[in-house]
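Contents: one structure, followed by commentary.
Computation of the quantities below employed the complete heavy-atom set of this structure, encompassing side-chain atoms and omitting hydrogens, waters and symmetry-equivalent molecules. Small disclaimer: the values here were computed from a predicted structure and weren't measured. Per chain, numbering begins at 1; letters A, B, ... match sequence-line order.
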Amino acid sequence: MVTSRHPILQVHQLDLAYDDHVVMRDLNFSVNRGEVFVIMGGSGCGKSTLLKVLIGLKNPAQGQVVYDNEDFWAVDHARQQMLLKRFGVLYQSGALWSSLTVGENVALPLQLYSALTPAQIKDMVHLKLSLVGLGGYEDLYPSELSGGMRKRAGLARAIALDPDIVFFDEPSAGLDPVSARMLDDLILQLRDYVGATIVVVTHELASIFAIADNAIFLDAQKKTLTAAGNPKDLLARSHDPNVIQFLTRGEKQGVKG
Amino acid sequence: MAPAKITLQCDQSLHVLSVEIGGDWQLSDKVPCVDEVCQQFSTNPDITKVIVNASQLSDWDSSLLSFLCHLARECQNKKITVQYDSFPEGVESLVALSLQEIGAEITPKASSQTFLVKAAERFFAARKSILILLDFLGEIICALGRLIAGKAYFRWNDFWIFVQRCGADALGLVSLISLLVGVILAFVGAMQLKLFGAQIYIADIVGIAMVRVMGAVMTGIIMSGRTGASFAAELGIMQANEEIDAFKTIGVNPVEFLVTPRLLALVVMMPLLTLYANFMGILGGFAISASMLNLNPVEYLNHTQVAVKINNLWVGLIHSIVFGIIIAVCGCLRGMQCERSSAGVGEATTSAVVTAITSIVVATAIITFICQILGV
């Protein structure tokens with residue numbers, strides 16, 4: 001593991017809102033280079049909205065999202081585009097482009113932003129797909145893959161350009177336990193072998209405890225971040241009933257009925 | 001099986017209402033309404049407690065729960081306490097569960113709004129739609145500029161696929177509709193011209209109408225329903241599947257990648273389809289005139305040739321290019337605006353077709369007006 005204490009991503013006083021409806025306010029946290037960082041919280045608490053702000057899909061109501069000393073939402077459009085090339089994103093559904101084959105999906109970012117020849121791109125596509133266990137699936141269309149395979153193909157596309165930071169939106173959602181575990185292992189391999197920084201948005205406890213180096217808990221009731229740290233430490237030391245409730249699936253503290 | 005019933009007894013000195021529940025409470029049968037109890041609240045406003053007794057209850061299902069929940073809510077609103085006596089195990093817990101407040105903050109929407117508020121909301125919604133449309137048009141113009149400058153990411157494979165879908169695949173439908181429009185024009189013209197013995201002018205009517213406007217309008221309407229709807233559905237599903245987000249996060253402008261090839265394919269194919277529709281319409285009119293209206297085929301063709309001027313052809317082609325832009329913009333815009341749900345895709349598709357057809361009719365009127373002023 002190559003976790004260093006140098007933050008690659010810092011969030012300062014971030015407020016998230018849809019028009020006048022504030023979803024989260026005053027978020028402050030940082031993600032260290034080479035760690036697996038989990039954004040956790042109950043359904044509808046604003047995890048995916050936060051992710052959208054982090055990856056440049058939605059403007060924050062206020063606050064800063066700083067990548068290596070550059071505030072993403074303060075720089076001009078051209079610079080934002082440059083910063084985007086440093087991200088890889090695996091969406092909840094995989095979000096593979098349905099009109100392209102799996103190979104073309106992975107190849108597209110390489111065609112756009114690398115200086116590789118078509119033959120080299122082909123090799124690179126095969127490499128990335130092999131890393132996620134899909135070597136040989138290049139010519140299939142997304143509709144011909146299972147849910148788990150689509151997510152893995154999406155991951156291959158997300159890491160096509162060797163991004164500094166890879167974002168995962170609910171990676172285990174809709175997967176059987178074995179496929180979910182395989183994806184967790186892939187995330188850890190990505191951190192250990194490639195040195196990528198991983199930011200995962202999830203509420204799957206098994207994944208959280210298996211992969212997270214650090215995590216934050218978004219509280220839907222208080223509309224802000226109420227806990228930060230390693231999930232196992234949070235479980236052992238946190239006094240916040242909502243955090244304990246979440247991390248024990250409601251088996252401890254303050255559960256009604 | 002005893003029918004479901006309630007017996008009410010009001011003790012005015014103690015301000016207590018007793019509700020005796022008895023019989024079989026089944027969804028399939030008629031069950032008492034809670035309004036009977038509520039009437040007691042109106043006639044005896046001093047009631048502070050309701051005792052519900054189920055000692056005579058024999059069988060029950062959700063109909064009883066529904067009754068009790070409604071009663072409990074009414075009592076809650078009126079600050080009346082409820083006591084449950086002799087109820088089967090679980091009924092009280094189920095009532096309590098269904099009355100549990102959800103923690104989320106739900107702001108109720110104003111139920112009745114004044115006319116002015118509604119009018120203002122409509123105005124701002126319309127203003128927002130216009131701004132979104134202008135923004136989208138601006139993005140398309142920028143994307144085309146980048147394409148001309150060779151800086152846009154443009155997949156020619158996609159373009160040729162869209163050319164085929166907008167062109168060759170639509171030929172059957174365009175043929176049928178245009179042929180029939182020609183036939184209809186010939187019949188309608190014949191009915192009037194026959195009165196003056198001037199049936200030969202059917203050739204002029206069919207030729208000019210098809211070439212100048214009807215060929216383009218009919219092709220536009222066909223393509224709105226066929227291609228515009230398909231563009232909206234495709235992009236809508238891509239939006240729902242986060243595919244468009246995925247383009248944005250790798251720094252690809254979705255307008256360049258998705259809209260430009262569709263727009264160009266339609267703008268290229270619409271004039272060609274319109275020419276084809278013109279031909280089919282004239283053919284329809286010719287076939288009917290020669291076979292059923294007893295006109296001389298050669299004379300008919302000569303009349304058509306003399307009547308249809310090159311200006312008419314240009315006007316028709318300008319119509320078709322404008323319609324191509326309208327259909328592609330409406331289809332793609334509605335698809336990109338689509339909400340992330342299956343209902344959203346349906347709404348986007350419907351909206352794309354309705355907007356495109358309305359815009360086509362408006363554009364036809366504007367072009368006709370301009371041509372009138374210019375004397376074309």
To the nearest 0.5 Å, what is the distance between CD1 (B:Ile250) and NZ (A:Lys85)?
10.0 Å
Compare every heavy atom of B:Ala246 with every heavy atom of A:Arg157, then report the nearest pair and how far apart it is.
NH2-CB, 3.4 Å
Verdict with reasoning, B:Phe247 to A:Leu108, per side chain to side chain contact (heavy atoms under 4.5 Å, CB included)
CA-CA 10 Å; B:Phe247 277 120; A:Leu108 183 61; 3.9 Å; yes
Would you indicate whether B:Glu339, at its atom CD, is surrounded by more than 12 heavy atoms from other residues, nucleotides or ligands within a distance under 6.0 Å?
no
Tell me whether the count of non-hydrogen atoms from other residues, nucleotides or ligands lying under 6.0 Å of NZ in A:Lys58 goes above 12.
yes
Whether over 12 other heavy atoms sit under 6.0 Å from B:Lys151 NZ:
no
Nearest 0.5 angstrom please: A:Lys52 NZ to B:Thr249 OG1, how far?
12.0 Å
For chain B, which candidate among A:Leu84, A:Ile55, A:Leu90 shows the most heavy-atom pairs at distances under 4.5 Å?
A:Leu84
Between the main-chain N or O of B:Asn241 and the side-chain N or O of A:Ser93, is there a donor-acceptor pair closer than 3.5 Å?
yes
Go through the atoms of A:Leu57 and report whether side chain, backbone, both or neither lie under 4.5 Å from a heavy atom of chain B.
side chain
OG-CE distance between A:Ser99 and B:Met238, expressed to the nearest 0.5 angstrom
5.5 Å
Answer with side chain, backbone, both or neither: which region of A:Phe167 has an atom nearer than 4.5 Å to a non-hydrogen atom of chain B?
neither
Value for CG (B:Asp245) from CG (A:Leu51), rounded to nearest 0.5 Å, stands at 10.0 Å
Measure A:Leu96 against the heavy atoms of chain B and call it side chain, backbone, both or neither at under 4.5 Å.
backbone
Give the member of A:Ala220, A:Ala95, A:Ala158, A:Gly154 that has the highest number of heavy-atom pairs under 4.5 Å with chain B.
A:Ala95
With chain A as the partner, which of B:Arg155, B:Glu243, B:Lys248 has the greatest number of non-hydrogen pairs under 4.5 Å?
B:Glu243
Separation between OG (A:Ser98) and CD1 (B:Ile237), nearest 0.5 Å, reads 8.0 Å
Heavy-atom donor-acceptor pair, B:Tyr153 side chain to A:Gln111 backbone, under 3.5 Å:
no
